[in-house]
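Notes follow once the structure below has been shown.
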Amino acid sequence: MLFFASAAASPLYPVYQAQFRFSVATLTAVFAVYVLVLLVTLLSFGSVSDFLGRLPVIITALVFSAAGCGLFLAAHSVGALYAARSLQGIATGLASGPIGAALIDLQPPGSQRAPVVTSAFSTLGLALGALITSALVQYAPAPTHLIWWVLLAVFAVGIVAVPAIAEPGIRRPGVLASLRPAVAVPRQARGTFAGAVPCLVATWALGGLYLSLGPSLAETATGSPNRLWGGLVIFLLCGTGAAAAYLLRTISSRAAMLAGCLLLLAGVAVTFGAIATTTSAAFLAGTTVAGAGFGLAFQGAFRMTTALAAPAQRAGLVTAVFAVGYLAFSVPALIAGVATTKFGLHATALVYSASLAALVAVAAAILVFRPRGQPAQSASASHAVIPPGPCTGPPSPHVMDPAERPR
């Protein structure tokens, strides 16, 4: 439901834009503030539940989520949207780690069920949040209020229900030291990490484009004002990305990244043509193929990079990967919003698509011509886990390294 709420705002952006009369640049800034606040929260508080316990942090996140819904309900200006999205960013950044960690605490010994559940439900939340909200916006009354009342009720129930769960974690001293972000790329992983950066930027930038300007792009490409199209394209992108990453999770990281880059190139090319010719069927097809591509490409890049780190180095490397990812998730979308105010959405989307294609081509070339790196140690469990990505939510170090988490 946290991820559902974070995606629920996307179909509403054009509605708020019409009501409050702000520019596309402001629209993407409202989206970006959520991502940047989430990143800062995740870097600073991602491990705090190891020291304070899982449930207090989860409850705090639910309170922030409920407050964000309340701000959306009371919003009469763009300033309230910034504040509401900031609260959502804090909530998602706070809750991602402890929820993933709690599921690992509760899963049977030797099971890999928890990471799969974490990825699947975060993806499902994003996909359904966009799709259901767009349907409510189009067909239900009070488009800017109904979804937030429903979510407010859900979070209120969660605030009451979570304390009834037995605390799955432990409490220990050292919480202040845990607030210091640890971002580090080990020497043996630097070449692979640098080579993966174009792929990371392209995949996350694609997700940022769809979750910020996707509904506006859908309206342009389909020529229809029906808000359901906006939710559908986000649903297709997130759904196919997660499905591809899950179904092909056992292939090698190199093969996954290369296949993802090729699919991403094909999908972006089709989407480029669809935007240029305003062809709705091609736009939906291109989105679907591109979604499968970025799901695989990110999975491959993530696994290939983190396999080169020793267990004690992995948390800092994971943080570095997601720092790049979340910056790519927000900054290019913000630049696109500014460009749209000057050049129009159509021209901006074409340049954006071409830029993504160029990045993916560079990533594929680096992958093909660069020598293979040697993993720091075997990590067979990683093949059973879908790493979080643009449409699978923020990372949890606990999900990545369950064996390292203190008991």
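Hydrogens, waters and symmetry mates are skipped; everything else that's a heavy atom, side chains included, is used. The first residue of the sequence shown is numbered 1, and numbering continues consecutively from there.
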Problem set entry | Test side-chain hydrogen bond (donor to acceptor under 3.5 Å, both in side chains) applied to R227 and S134, step by step | CA-CA 5 Å; R227 302 294 184 189; S134 64; over 6 Å; no
In Å and rounded to the nearest 0.5 Å, what is the [atom1] to [atom2] distance from [X] to [Y]?
X    : Y    : atom1 : atom2 : result
I234 : S212 : CD1   : OG    : 8.5 Å
L264 : L206 : CG    : CG    : 6.0 Å
L36  : S330 : CG    : OG    : 4.0 Å
L211 : F31  : CG    : CZ    : 5.5 Å
S122 : L2   : OG    : CG    : 10.5 Å
I58  : I159 : CD1   : CD1   : 12.5 Å

The criterion is side chain to side chain contact (heavy atoms under 4.5 Å, CB included); which residues satisfy it with [X], sequence neighbours excluded?
X    : result
A266 : V289
L247 : none
L71  : A83, A84, L87

Residues forming a ring pair (Phe, Tyr, Trp, His ring centres under 6.0 Å) with [X], sequence neighbours excluded:
X    : result
Y16  : F20
F235 : none
W148 : F72

For residues [X] and [Y], report the shortest heavy-atom separation together with the two atoms involved.
X    : Y    : answer
L296 : A259 : CD1-CB, 4.3 Å
I366 : G195 : CG2-CA, 3.7 Å
P163 : I59  : CG-CD1, 3.6 Å
G93  : T41  : C-CG2, 3.8 Å
S224 : E219 : O-CG, 3.3 Å
V270 : A282 : CG1-O, 3.3 Å

pair [X]-[Y]: side-chain heavy atoms closer than 4.5 Å:
X    : Y    : answer
L43  : T319 : yes
V63  : T60  : no
L284 : V233 : yes
P56  : E167 : yes
I170 : F51  : no
T220 : I275 : no
L263 : F294 : no
C199 : M257 : yes

Examine distances only and state if a side-chain atom of [X] and a backbone atom of [Y] form a donor-acceptor pair shorter than 3.5 Å.
X    : Y    : result
T305 : F302 : no
S10  : A130 : no
Q299 : A245 : yes
Q188 : L308 : yes
Q138 : A135 : no
R303 : R249 : yes

Exercise. Applying salt bridge (Lys or Arg N to Asp or Glu O under 4.0 Å), which residue pairs with at least one partner in residues 114-143 are found, sequence neighbours left out?
Worked result: none
Taking side chain to side chain donor-acceptor pair (under 3.5 Å) as the cut-off, I'd like each qualifying pair that reaches into [range], sequence neighbours left out, listed once.
range            : result
residues 335-357 : none
residues 21-33   : S23-T26
residues 72-88   : Y13-R85, R85-Q88

Exercise. Yes or no on side chain to side chain contact (heavy atoms under 4.5 Å, CB included) for V15 and Q19, after CA distance, side-chain angles and deciding distance?
Worked result: CA-CA 6 Å; V15 180; Q19 285 187 356; 4.1 Å; yes
Exercise. Ring centroid separation for W204 and F298, is it under 6.0 angstrom?
Worked result: yes
Problem set entry | Check: Y34 ring centre within less than 6.0 Å of F329 ring centre | no
Problem set entry | Ring-face cation of R190 near F193 (centre distance under 6.0 Å, axis angle within 45°) | no
For this session: Show your reasoning for whether side chain to side chain contact (heavy atoms under 4.5 Å, CB included) applies to R171 and L52.
Result: CA-CA 5 Å; R171 297 183 181 182; L52 300 181; 5.8 Å; no
For this session: Check side-chain hydrogen bond (donor to acceptor under 3.5 Å, both in side chains) between T287 and all other residues, then give those that pass, not counting sequence neighbours.
Result: Y210
For this session: Kindly state each residue pair satisfying ring pair (Phe, Tyr, Trp, His ring centres under 6.0 Å) with at least one member in residues 95-147, sequence neighbours excluded.
Result: none
Exercise. If you draw a 6.0 Å radius around CZ in F64, do more than 12 non-hydrogen atoms from other residues or ligands fall strictly inside?
Worked result: no
For this session: With side chain to side chain contact (heavy atoms under 4.5 Å, CB included) as the test, would you mind laying out the steps for L213 and L27 before giving the verdict?
Result: CA-CA 8 Å; L213 295 177; L27 185 158; 3.9 Å; yes
Exercise. Should L12 and I147 be marked as a side chain to side chain contact (heavy atoms under 4.5 Å, CB included) after you check the CA-CA gap, both sets of side-chain angles, and the distance that decides it?
Worked result: CA-CA 10 Å; L12 286 167; I147 187 62; 4.0 Å; yes
